[in-house]
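Letters A, B, ... are given to chains in the order of the sequence lines, protein chains preceding strands, and every chain is numbered from 1.
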Protein chains: 2
Amino acid sequence: MRTLKYAILGLVNRKSMTGYDISKEFGEELINFWSAKHSQIYPELKKLVDEGLLEYKIEITGDVLEKKVYTVTEKGRQDFLEWLAKDEKIEPTPKDQFRLRSYFSQALEPAIYQKLLESQLDQRKKKLAKLNRLFLQYQQVPPFGSDKFGDYSVLAGARIREEANIKWLELCLEAVRAEIKE
Amino acid sequence: MRTLKYAILGLVNRKSMTGYDISKEFGEELINFWSAKHSQIYPELKKLVDEGLLEYKIEITGDVLEKKVYTVTEKGRQDFLEWLAKDEKIEPTPKDQFRLRSYFSQALEPAIYQKLLESQLDQRKKKLAKLNRLFLQYQQVPPFGSDKFGDYSVLAGARIREEANIKWLELCLEAVRAEIKE
DNA sequence: ACAAAACATGTAATTTCAAACATGTTTTGT
DNA sequence: ACAAAACATGTTTGAAATTACATGTTTTGT
């Protein structure tokens, strides 16, 4: 489906950027729903240029360091917009290694499974706290159409998702603790 | 990390099965947190036999149809149990194509984005209804240690996750509807 | 008797992705 | 003056995963 293609096109459509910039973006808000290493990004950029969806011009930083600053072509913008408006079927449930462990947990000592759950819960709570800190910057919902709406929306989604993870872990913990007490 | 290896080992540890059976399992409860196509399963089974973690005996169905019924070896069981008890870091957030679209949604007509959201919401609600129907069979939480606890736990988790997806979509919809009304 | 669905097992080609390899420049802090 | 961190761009290797290719048997429903 070449989703990375559209992620890149979407980013460059908002603002001209280098491969390095794109790589950094994948480490920030985008981490909540997409990511790619630079070893995947650079070849994809080359491909997009070959396909006429992106162009670049070289800028010099300092004395000699070359930066390739990418811009979308009209063709690229059209391709992106077409993808963006597509009404797709919901994706299959994402894989989750800890849930796989949970599925097999009856093969484990309850006390061990409890430890695993507590460790997960601790990490999830820290992650949620981080998301909550980021969320503070929004006093209210930014209007749709402002460049902040997307950021807000996916951040709100990440919080809700993390809250659900925590809710589930707490439900499991309760069941295991009830078992141990008996 | 070879998670498929442990998914297969875990399944076969519970009960001897064929590659075809494993394939079917990935289409049922397991779909909520893991899956694999038969083209990935058969080579993995071969590898696990080579590594001495699984054994099989051939059974004949009808006149000539050969079935390979797999069983875990003691070594395989140990390997699985070791993996199962491992306390791991939470995984990076799963990729989500619709959230990527949402992130770029300001490039879209509000009415179009609204349609996309409504479509997602509709599909998510249907999925939740299905999970709820499955959930009915549990009058109460099965005791940990019973073979039903794992099933219950991941099903409960899938419901909670789906509820969160819906909550997020409704939040987005509300914001977009507010925009359109103005 | 026949067809369709389900059972059953594999391989080949391609895509996606992460980790490691590879090389250098520029800025910032001390 | 020096070192570390950040900037900047690539390639190579291999694992994980999907799609398509490939072939056949058995059961079920009509």
Across the strands shown, which category fits A:Ser39 at heavy-atom distances under 4.0 angstrom: base, sugar-phosphate, nothing?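 Here A:Ser39 touches the bases of the nucleic acid.
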
Look at all strands and tell whether B:Lys5 reaches a base, only sugar-phosphate, or nothing, counting heavy atoms closer than 4.0 Å.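 Nothing, no heavy atom under 4.0 Å.
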
Give the rounded distance in Å between these two atoms: [atom1] of [X] and [atom2] of [N].
X       : N      : atom1 : atom2 : answer
A:His38 : C:dT23 : NE2   : P     : 14 Å
B:Ile41 : D:dA16 : CD1   : P     : 15 Å
A:Leu4  : C:dT14 : CG    : P     : 21 Å
B:Leu45 : D:dA16 : CG    : P     : 15 Å
A:Gln97 : D:dA16 : CD    : P     : 11 Å
A:Tyr42 : C:dA22 : OH    : C1'   : 13 Å
A:Glu44 : C:dC17 : CD    : C1'   : 12 Å
B:Lys24 : C:dA6  : NZ    : P     : 10 Å

Output yes when at least one side-chain N/O atom of B:Lys95 is less than 4.0 Å from OP1 or OP2 of C:dC17, else no.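 So the side chain of B:Lys95 is within the cut-off, an N or O lying under 4.0 Å from OP1 or OP2 of C:dC17.
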
Less than 4.0 angstrom between a side-chain N/O of B:Gln40 and OP1 or OP2 of D:dA16, yes or no?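 So the side chain of B:Gln40 is outside the cut-off, no N or O lying under 4.0 Å from OP1 or OP2 of D:dA16.
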
Look through every strand shown and name the nucleotide pairing with [N] as Watson-Crick or G-U wobble, where both distances are under 3.5 Å.
N      : answer
C:dA3  : D:dT28
C:dA19 : D:dT12
C:dT14 : D:dA17

B:Lys95 atom NZ: more than 12 heavy-atom contacts under 6.0 Å: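 Buried by this count: over 12 neighbours within 6.0 Å.
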
Return yes when atom NZ of A:Lys57 has more than 12 non-hydrogen atoms of other residues, nucleotides or ligands closer than 6.0 Å, and no otherwise.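 Incorrect, the count does not exceed 12.
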
Among the nucleotides [options], which one has an atom lying closest to any side-chain atom of [X]?
X       : options                : value
B:Lys46 : D:dT11, C:dG10, C:dC17 : C:dG10
B:Thr18 : C:dC7, C:dT26, C:dT9   : C:dT9
A:Leu65 : C:dT26, C:dA8, C:dA18  : C:dT26
B:Lys37 : C:dA19, D:dA8, D:dT18  : D:dT18

Which is more 5' along DNA chain C, the nucleotide nearest A:Gly62 or the one nearest A:Met1? Just name the residue.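 Looking at the nearest nucleotide for each, A:Met1 comes out on the 5' side.
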
Mapping B:Lys68 and A:Thr61 to their closest nucleotides on DNA chain C, which lands nearer the 5' end?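 Closest to the 5' end, via its nearest nucleotide, is B:Lys68.
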
Ring-ring centroid check B:Phe80 B:Tyr6, cutoff 6.0 Å: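 When the ring centroids of B:Phe80 and B:Tyr6 are compared, they turn out to be at least 6.0 Å apart.
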
Counting the benzene-type ring for Trp, do B:Phe33 and A:Phe98 have ring centres under 6.0 Å apart?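 That pair fails the under 6.0 Å test.
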
Answer yes or no: is there an ion pair linking A:Arg2 with A:Glu51, defined by an N-O contact shorter than 4.0 Å?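 Answer for the salt bridge query: yes.
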
Is there a donor-acceptor contact under 3.5 Å from the side chain of A:Gln97 to the main chain of B:Thr3?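 No, the answer is negative, given that no donor and acceptor are paired below the 3.5 Å cut-off.
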
